[in-house]
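Worksheet for the structure shown next.
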There are 2 protein chains.
Amino acid sequence: MSPVHRTPQRTAPGDRALDPVTFALDRSSPVPLYYQLARHLEAAIQRGALVPGDLLGNEVDLSVRLGLSRPTVRQAIQSLVDKGLLVRRRGVGTQVVHSQVRRPLELSSLYDDLESAGQGPTTRVLRNERIAAPADVAAALGLPEGAEVVVLERLRSTHGRPVAFLRNHLPASLLEPGTVRLESTGLYRLLRAAGIVLHSARQSIGARAASAEEGALLQEPEGAALLTMRRTAYDDAGRPVEHGSHVYRASRYAFDFQLLVRS
Amino acid sequence: MSPVHRTPQRTAPGDRALDPVTFALDRSSPVPLYYQLARHLEAAIQRGALVPGDLLGNEVDLSVRLGLSRPTVRQAIQSLVDKGLLVRRRGVGTQVVHSQVRRPLELSSLYDDLESAGQGPTTRVLRNERIAAPADVAAALGLPEGAEVVVLERLRSTHGRPVAFLRNHLPASLLEPGTVRLESTGLYRLLRAAGIVLHSARQSIGARAASAEEGALLQEPEGAALLTMRRTAYDDAGRPVEHGSHVYRASRYAFDFQLLVRS
DNA sequence: AAGTGGTCTAGACCACAAA
DNA sequence: TTGTGGTCTAGACCACTTT
């Protein structure tokens, strides 16, 4: 049996040289074996060597061919199942998911979103200073009211036209973001560069009509529909790291993502 | 050493009877052992027996105390790490995450959302018929243009006031949803009851101003800000199962969820 | 130096689906 | 009946963090 099958069946004999599953592991690398395998399979899927519906060979054969134990192979496969790229069916096998999977919803910055969409975002920092925390911000960040926080206000544009107005608050003890850097990258990248590891975020997406000031900033008429997003991000230890309150031009932006069903 | 530690340190001696980690496994149950352990730990966290910051005992001790192998214990712990309830640090240990974790974003139906919030949703079915698929729907569902689909239009309310207008299209071959059932439950529950297993969905959230008809339906003035959601859901085999195009009153609804950072 | 999680092995038996 | 993934064991060695 050849290790990859198309529906309803099999590849031509002599395909083993093109077998997209078997490959050379680097056992001297510090990269874990299961991770090497996962990346290899993912690449094979991305470049189309494994087509939706294809069955991977069964796990036992696979582990023999690769010289790995079955649990290690399973660990690799499981990570791709978790990503939504593969589906396992008992008694059937493991196959590549049919639908075009895009990335699941990530805690990504708007900057990265726009950049990866080739939108060449620009940022104008309107405000960057230390203030006493307003009540709602203090509550969101778990700080005593009046504690010192950094407030950032930024206008993000693509193609010279505004997309979003971003207001963020950070505990002043955490980071003193430089205005210059903020104009050339995203806040989350600055946090990561400062060694702050994000773990989770609580987020709320809504809509409302634009105020006169918001309209002026975003070049929308007063009363235009805006998307709003409020988010508090936490680090590994559960400490609030950042609270953001953003508004987006609905005519130029939407939240777009893939969900996986919890199982 | 007692198995649970508070910061900076330990519970009183004699606490072993209250040890929130050790418990009795049911080896005769068909429920997997790792799953029993995961549920037990999750319950201990939810009821506060394990407090944020608490360290679980190390994995080797734990497996000995529970009479399980270490991989099985790891499998249980890993599932809770994936859920965002626990954090592991090499050289340190596994501890309960500080922040209050709510559920991550799920592919849940609005009906379930409102019901679990105690809002007692009601549904009025405005339309339930078979039609030839419009071009955009056919494209989303991967059907030839003009193929037969079921179109549903529903108005969902809580406390007697409308919250959302839901328009859904399904391949007619898949399901013939009964209007009566649709008034008493959510579409996704009907799909599940029909044996349709959802796997993933592609979703886009935006905003726009209400049209005159939308305003009349939702009891909002024309031009009011509305939240919009377009979603296509897929089953295990990657077949499109449903396409929804919904509008929500921004004054009464927001998308509210927790994100975990991919790692 | 000691203790933790991270990785890996080489088996075993079971549950489920398809032929 | 056969083949698949699902679960589980009892070890091993390594990398990292803290003392």
Side-chain angles (χ1 to χ4, degrees), chain A residues 1-5 7-10 21 25-39 54-82 86-96 195 197 236-237 263, chain B residues 1-5 7-10 21 25-39 54-82 86-96 195 197 236-237 263:
Chain A
M1 275 296 199
S2 98
V4 173
H5 315 273
T7 11
Q9 221 25 314
R10 128 170 12 72
V21 172
L25 292 162
D26 180 0
R27 297 193 96 100
S28 69
S29 163
V31 177
L33 297 174
Y34 80 90
Y35 192 78
Q36 291 184 40
L37 175 53
R39 294 265 297 184
D54 276 3
L55 285 169
L56 267 60
N58 73 65
E59 298 174 350
V60 178
D61 280 2
L62 224 107
S63 60
V64 170
R65 275 211 310 282
L66 295 169
L68 293 173
S69 68
R70 187 179 163 211
T72 300
V73 170
R74 274 184 67 80
Q75 190 175 1
I77 292 176
Q78 187 59 49
S79 70
L80 297 182
V81 171
D82 291 342
L86 298 177
V87 181
R88 291 208 244 229
R89 295 174 203 255
R90 185 146 43 175
V92 178
T94 303
Q95 58 186 164
V96 179
V197 179
D236 266 11
S263 53
Chain B
M1 275 293 201
S2 101
V4 175
H5 315 272
T7 10
Q9 224 21 319
R10 131 171 8 72
V21 172
L25 293 162
D26 179 1
R27 296 194 95 101
S28 69
S29 162
V31 177
L33 298 173
Y34 81 89
Y35 192 77
Q36 291 184 40
L37 175 53
R39 294 264 298 182
D54 277 4
L55 286 170
L56 268 58
N58 73 64
E59 297 174 350
V60 178
D61 280 3
L62 218 90
S63 60
V64 171
R65 275 211 310 284
L66 294 169
L68 293 173
S69 68
R70 189 184 164 208
T72 301
V73 170
R74 275 184 66 81
Q75 191 175 1
I77 291 177
Q78 187 60 47
S79 70
L80 297 182
V81 170
D82 292 342
L86 298 176
V87 180
R88 291 208 245 226
R89 295 172 205 259
R90 185 143 45 173
V92 178
T94 302
Q95 58 186 162
V96 179
V197 180
D236 266 12
S263 54

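Convention: sequence-line order gives letters A, B, ...; per-chain numbering from 1.
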Atom pairs, protein N/O to nucleotides 15-19 of chain D N/O, distance under 3.5 Å:
{"from": "D/dT17", "atom 1": "O4'", "to": "B/R90", "atom 2": "O", "distance (Å)": "3.4"}

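- Straight-line distance from the CG atom of A/L55 to the P atom of D/dT4: 10 Å, rounded to whole Å.
- Not counting sequence neighbours, B/R90 has no partner by the side-chain hydrogen bond (donor to acceptor under 3.5 Å, both in side chains) test.
- In terms of position on DNA chain D, the residue among B/R70 and B/Q75 whose nearest nucleotide sits closer to the 5' end is B/Q75.
- Both A/L68 and B/V60 sit near DNA chain C, but only B/V60 has its closest nucleotide nearer the 5' end.
- Residue pairs meeting the salt bridge (Lys or Arg N to Asp or Glu O under 4.0 Å) criterion with at least one member in residues 27-36 of chain A: none, sequence neighbours excluded.
- Partners of A/S79 by side-chain hydrogen bond (donor to acceptor under 3.5 Å, both in side chains), not counting sequence neighbours: none found.
- The shortest distance between side-chain heavy atoms of A/V31 and A/D26 does not fall below 4.5 Å.
- Between A/N58 and D/dT4 there is a side-chain N or O to OP1 or OP2 distance below 4.0 Å.
- Not counting sequence neighbours, A/Q36 has no partner by the side-chain hydrogen bond (donor to acceptor under 3.5 Å, both in side chains) test.
- Residue B/I77 holds its CD1 atom at 7.0 Å from CG of B/L37, rounded to the nearest 0.5 Å.
- With sequence neighbours left out, B/R70 forms a salt bridge (Lys or Arg N to Asp or Glu O under 4.0 Å) with B/E59.
- For A/Q75, there are no side-chain hydrogen bond (donor to acceptor under 3.5 Å, both in side chains) partners at least two apart in sequence or on another chain.
- Residue contacts for B/P30: at a heavy-atom cut-off of 4.0 Å it reaches no nucleic acid atom on any strand shown.
- On the nucleic acid side, DNA chain C has its first and last nucleotide under 4.0 Å of a heavy atom of chain B at C/dG3 to C/dT7, going 5' to 3'.
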